[in-house]
Amino acid sequence: MKKLIAGNWKMNLNAQKASALALDILKGLDDELPLSKVCDFVVFPPCVHLPPINQVIKSSEMKMALGAQDCSQHETDGAHTGEISAAMLADYGCTYVIVGHSERRQGHGETDAIVKAKAAAAHNAGLTAVICIGETDQEREQGQERDIVSRQLLASLPESSNAVNTVIAYEPVWAIGTGKTAKAEDVAAMHALIREKLSGRSGSSQTPRILYGGSMKPENAAELLATPNVDGGLIGGASLKAEQFLAIGRAVRDS
Ligand code: PEP
């Protein structure tokens with residue numbers, strides 16, 4: 001399976017800069033050996049920028065996919081001020097949605113149960129849910145990282161999850177936006193654990209892709225993406241610069 005290179009733009013960029021970034025990435029995907037032949041690419045702009053970015057992507061033969069950074073756990077239209085349903089995101093050309101990012105688990109009180117409901121809503125709308133899990137530095141210092149990640153994983157996966165409609169992003173919270181990256185051997189151990197839990201749950205060797213996220217950049221991407229059981233990256237800061245985002249794809253192509 002191709003590696004998935006996913007760019008989480010978070011709450012950044014105005015409409016014009018967001019469209020320019022999408023265009024620059026799309027231009028870069030066409031270089032000497034087209035990167036989209038070796039990796040799948042998806043970008044997650046802020047919600048208000050989804051319609052223009054959808055247009056940019058459509059006019060470029062859909063060389064990358066579009067995703068949203070969150071969706072509502074509510075599936076039926078109604079009195080949910082400020083919420084955006086997964087079905088609405090699908091209407092705007094999204095095929096992916098991130099759920100349970102640590103910035104939402106920590107900053108917005110999202111529990112595993114809420115993340116699971118959001119992932120189920122995503123599946124019902126035909127979207128692939130990128131379910132984020134990961135331990136804090138304190139949990140790692142106390143040696144609890146395997147228990148925390150296992151619990152989050154199993155409690156956040158809805159019954160509807162399968163290898164196609166779900167992607168797991170292992171993102172140690174202490175590595176997000178800090179410049180600190182997990183050691184390749186720690187990433188390998190955690191991804192092996194996640195893989196084992198996923199195949200134990202489904203009884204099949206066909207499991208969702210498992211991404212690593214946390215300060216991935218061109219300089220460390222080759223090593224991280226070559227680590228066993230790492231099926232791609234969820235990239236924050238480095239996805240805001242087309243050249244850096246593309247360089248992470250090149251790290252896969254040239255390895
Ligand atoms: C993220 O937000 O999911 C992330 C991994 O951010 P960064 O790459 O900036 O650490």
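Counting starts at 1 for both ligands and their atoms, following the listed order.
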Per-atom contacts, ligand 1 versus [X] - under 4.0 Å to a heavy atom:
| X | answer |
| --- | --- |
| Glu171 | 1 (C), 3 (O), 4 (C), 5 (C) |
| Ala175 | 10 (O) |
| Gly214 | 5 (C), 10 (O) |
| His101 | 1 (C), 2 (O), 3 (O) |
| Gly177 | 7 (P), 9 (O), 10 (O) |

Protein contact to atom 8 (O) of ligand 1 [nearest heavy atom, distance to 0.1 Å]: Gly236 N, 2.8 Å

Protein heavy atom at shortest distance from atom 9 (O) of ligand 1: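 It is Gly237 N, 2.8 Å.
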
Steps toward side chain to side chain contact (heavy atoms under 4.5 Å, CB included) verdict (Phe245, Leu21): CA-CA 10 Å; Phe245 190 56; Leu21 175 58; over 6 Å; no

Could an N or O of ligand 1 be found under 3.5 Å from any N or O of [X], whether backbone or side chain?
| X | result |
| --- | --- |
| Leu234 | no |
| Ser215 | yes |
| Lys10 | yes |

Mode of Asn8 contact toward ligand 1 - side chain, backbone, both, neither (heavy atoms, under 4.0 Å): side chain

Per-residue contact class, Ala169 against ligand 1 - non-hydrogen pairs under 4.0 Å: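 The answer is neither; Ala169 stays 4.0 Å or more away.
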
Within-shell test, Ser102 vs ligand 1, heavy atom, strictly < 4.0 Å: no

Sub-4.0 Å heavy-atom contact, Ala238 with ligand 1: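 No heavy atom of Ala238 comes that close to ligand 1.
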
Atom pair CE (Met64) and CD1 (Ile5), whose distance is rounded to the nearest 0.5 Å: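 Those atoms lie 13.0 Å apart.
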
Reported CD1-to-NZ distance for the pair Ile168 and Lys197, which is rounded to 0.5 angstrom: 13.5 Å

Ser19 side chain to His49 side chain, donor-acceptor N/O pair below 3.5 angstrom: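 No donor-acceptor contact under 3.5 Å links the two side chains.
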
Hphob cluster co-occupancy, Ile235 + Leu211, side-chain heavy atoms under 4.5 angstrom: no

Salt bridge (charged side-chain N to carboxylate O under 4.0 Å, His left out), paired with Asp231, selected from Arg195, Lys2, Arg209: Arg195

Test applied, salt bridge (charged side-chain N to carboxylate O under 4.0 Å, His left out); reference residue, Glu135; option that passes from Arg105, Arg151, Arg140: Arg140

Under 3.5 Å: donor-acceptor pair, side chain of Thr111, backbone of Ile114: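 Yes, the answer is positive, given that a donor and an acceptor are paired below the 3.5 Å cut-off.
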
Option among Asn54, Val42, Leu89, Ile53 that satisfies the side chain to side chain contact (heavy atoms under 4.5 Å, CB included) test with Cys94: Leu89

